[in-house]
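Inspection log for the structure reproduced underneath, given as structure tokens.
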Amino acid sequence: MTYSHKKIELKWQNHWNDNKIFAASDKSDKPKYYILDMFPYPSGSGLHVGHPLGYIATDIIARYKRHEGLNVLHPMGWDAFGLPAEQYAIKTGTHPSITTKENIENFRRQIKMLGFSYDWDREINTTDPEYVKWTQWIFLQLYNKGLAYESEVPVNWCPELKAVLANEEVVNGKSDIGGHPVYRVPMRQWMLKITKYADSLLDGLDDLDWPNSIKELQRNWIGRSEGANVNFKLPLLNESLTVFTTRPDTLFGATYMVIAPEHPLVEKLVSNEQKSAVKEYSEEASKKSDLDRTELNKQKTGVFIGEYAVNPVNNKKIPIWISDYVIMSYGTGAIMAVPGQDQRDYDFAKKFDLPIVRTVDTPENFEGEAYTGNGPAINSGFLDGLYIDEAKNKIIDWLEIEEKGKRTVHFKLRDWLFSRQRYWGEPIPIIHIQNKIKPLDEDELPLLLPEVEKYEPAGTGESPLANIKNWVEVNDSNGNIIGLRETNTMPQWAGSCWYFLRYIDPKNSLKPWSNDKEKYWMPVDLYVGGAEHAVLHLLYSRFWHHVLYDLGHVTYKEPFKKLFNQGMILGEDGTKMSKSKGNVINPDETVDMYGADSMRLYEMFMGPLDKAKPWNTKGLQGCSRFINKLWNIIIDSNGLLSHKVSIIEADKETLKLLHQMIKRVTKNLDQLHFNTCVSEFMVFTNHLHSLKHININCLKSFIVLINPFVPHLAEELWNSLGQTNELSFVKWPIVDNKYLISDEISIAIQINGKRRSEILIPINISKEEVLIRVKSNKIIIPYLLDVTIIKEIYIEGRIVNIVVK
RNA sequence: GCCGGAGUGGCGGAAUUGGUAGACGCGCGCGACUCAAACUCGCGUAUCGAAAGAUGUGGGGGUUCGAGUCCCCCCUCCGGCACCA
């Protein structure tokens, strides 16, 4: 009888659902296993087949861990604040909460149809008032610890989106979403002091079981660099110009200085003759978007400001220039230029004919311009002869003694711009009372969004909330206005910064989570999601978690012990799936036609989880064939258990293959190598197909092995065998090595490393005996005539290599 | 430019971590079933060659009895960062 995926899949999904098979117990003697998916933003277009790839993988591991006897927490929820719902609201007037609700329902339906073993009682939604309450509560913890502050900062203003974007949301001077131009405009914003945690975030990476690439990405993003701040006296002003340098050893070669056009000292230092030139240049620079600044990086530009600074090591007066190759937001916004040792400075010096002094001796054959390699110091007074590291230490010591500078560490990481001028986000729980800031009390939370008529932000860049007078104005009991609410909302990252903590105690109305439960479930044992969140979500949530750790709200510093990034599923044409290309594969159709199990199996079979790979419907059909084949081996044409299945003992070969499969599948699952597990199932199924009798115990073990991958099929087969115990908790089969050993083994014979033949030998015979057999092998004999044997190598059970001359 | 990763049949990909390269699936070819097709089943399928054999894991060198795997140089592709001082 053909396998009816529709009927069978629905049947078992109902069984799991109705009996709450996958509810995680907060009180259990079993060891815990917390396996987490990056929860989705429920978009209007629903899932395509690439989205659930990671969910399939985690579901397989979740089910596998249950078979291994662990108490598994495997939750799902919705990251439901976000721009698309708001854009839609602007266009149609539909409240984002309505769109969001519809989208969530569609996503939930799609995810459920794949038969995942989530504990749906723990489902969360970041827009839920109960959830918003605790997101705001965490914000207040940050605020009270001095990690949230207001600042007038040049922000990335995108007129098209009418929103201010975080640096991370701007790519090459354009908005990450939509690709619209972005400009620098000063605006009052809320910032989070993530820079205070730079070292903590950097150090925490070391012990994490994360892909190396992601750790490196985060390290680069944090961008720690060691060096010194050096003070250059300004004769004009009786103050100093401080620069940050990682090469204080080259100080004798600093022949000029460059400061950012926005640097506050520009105005004080500029000479009368240069005033107009400097002003013109500064204005040009401020108009440039980040895109322009990077595009123009080929030619150096700049203007002399007409004033000098004094090099602290030799008291020489050196000119100060402004140039946009120095940016205000890194270091001190000023550099000492060492053209002999820095290519950028070299280019600038050449262009404007400034002096170049080498301070590191170049190798004999050196032909380049600036020399950045190591070598003994020259032209550097008391540093001469020292190599870079020694020279650095010596000069820093000298600077510190002379009080002309000090050892300093700088980070690329900047504070996190945390406010958005948007409606559909968590309101920031702050009241402004006459230039003072008053955070809400905990019992005033959640501060919910008011109803608005227009979702369009005010043209000034203020959030639409600014127009809702009776929400913005906070009155006392007499109706007097005592303050104004903050109208900025939080960015979408806020909700995802801590959702994994809420899953462990999703219904707690007194606290965001109970400490006992947090201690039991955290940290997340395995976190699977796309690599696109490498620096944003993963850095932000680590930051919040570090803060919560310092405040004593969580037990472990790092939230995600092991991280894995699934790759992308490309369209059949090998390019990224997109509506515009028309190569999107819809999971609804796929599941309807082939069933959830086929789709699960195929996505795992396609290739390594972390690689990008193209979809191929033929490949999916192959997996569907496999499921039918296995079904037809076990179930006869009347829909009954095949007469082949019996208690007749399995032959040696079958037992060997079975245990080999158990061994390999277990190992491969531990390494998240799902594709090779599927191969193993196919090999074993091909073997079953050739058998006259199938031992029921072997079959039972096999069904447990395939259950994580194709749970509906497995449940139905399990049921067909007359099993009444809950398959999901049946013990994972154990390898018995005695079945893996056969009496005979095939080994290869090489002559001079070239494979010439192979022979079957009894296991455990000596090297001498093997060689006797090898040398009497018909194919080998001719190779040994008229030659001298130099060496005979025997690797037990693998290979014989005879080296001849 | 810098950081990270990858290059294996017609395609997706395996390879016990230095030991028989190409498992498994797709595709393709031949055959069986069928009036026919689909499904299903059987056999075959790295390349060249009639065969013996030779060649073969991006290219070039090296270490080794033996290299897809280790070392050096180079090329290509993907991801990230990019005047970060």
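Below, chain A is the first sequence line, B the second, and so on; all start at residue 1. What you are looking at is a predicted structure, and each value in this text was computed from that prediction instead of being measured.
- The C1' atoms of B:G9 and B:C48 are separated by 14 Å, rounded to the nearest whole Å.
- Of all nucleotides present, none satisfies the Watson-Crick or G-U wobble test against B:A36 with each distance under 3.5 Å.
- For A:Y256 and A:F348, the ring centers are positioned less than 6.0 Å apart.
- Between A:L536 atom CG and B:G80 atom C1' the separation is 12 Å, expressed in whole Å.
- Anti is the conformation of B:U34, whose glycosidic angle sits further than 90° from 0.
- Residue A:A334 is classed as having no contact, given no heavy-atom separation below 4.0 Å to the nucleic acid.
- Within 4.0 Å (heavy atoms only), A:K754 reaches sugar-phosphate atoms of the nucleic acid but no base atom.
- Backbone-only engagement by A:P608 is indicated by non-hydrogen atom pairs under 4.0 Å involving sugar-phosphate atoms exclusively.
- Remark: the separation of the C1' atoms in B:A15 and B:G56 is 16 Å, to the nearest Å.
- Nucleotide B:C11 has B:G25 as its partner under the Watson-Crick or G-U criteria, with both atom distances under 3.5 Å.
- Nucleotide B:C30: paired with B:G42 (Watson-Crick or G-U wobble, both distances less than 3.5 Å).
- Using modelled atom types and a 3.5 Å distance limit, the side chains of A:E262 and A:S282 yield no donor-acceptor pair.
- B:A85 atom P lies 14 Å from atom CD1 of A:I388, rounded to whole Å.
- Nucleotide B:A67 forms no Watson-Crick or G-U wobble pair with any nucleotide shown, as no partner meets the under 3.5 Å limit on both distances.
- Taking atom CH2 on A:W210 and atom P on B:G5, their separation rounds to 17 Å, with Å as the unit.
- Checked against the 6.0 Å centroid threshold, A:W210 and A:F564 do not count as a close aromatic pair.
- By the 4.0 Å N-to-carboxylate-O rule, A:E603 lies too far from A:K613 to be salt-bridged with it.
- The separation of B:C3 from B:C74, taken at their P atoms, amounts to 13 Å, rounded to a whole angstrom.
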What one-letter contact string describes nucleotides 17-26 of chain B from 5' to 3', where B marks a base within less than 4.0 Å of any protein heavy atom, S marks contact via sugar-phosphate atoms alone, and - marks no contact?
-> --BBS-BBSS

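- Between A:E216 and A:R219 there is a salt bridge, with a side-chain nitrogen of the basic residue lying less than 4.0 Å from a carboxylate oxygen of the acidic one.
- If A:S329 and A:N752 are placed on RNA chain B by their nearest nucleotide, the residue sitting closer to the 5' end is A:N752.
- As a whole-Å value, the separation of A:L570 CG from B:G13 P is 9 Å.
- Under the 6.0 Å distance and 45° angle rule, A:K412 does not count as a cation-pi partner of A:Y330.
- Within the 4.0 angstrom heavy-atom criterion, only backbone atoms of the sugar-phosphate kind lie near A:R756; the bases stay farther away.
- Looking at A:D199 and A:R224, a side-chain N of the basic residue comes within less than 4.0 Å of a carboxylate O on the acidic one, giving a salt bridge.
- Pairing for B:G4 is with B:C78, a Watson-Crick or G-U wobble pair whose two hydrogen-bonding atom distances lie under 3.5 Å.
- Distance, A:Q218 CD to B:C3 P: 19 Å, rounded to whole Å.
- Salt-bridge annotation for A:D345 and A:K350: absent, with no side-chain N of the basic residue lying under 4.0 Å from a carboxylate O of the acidic one.
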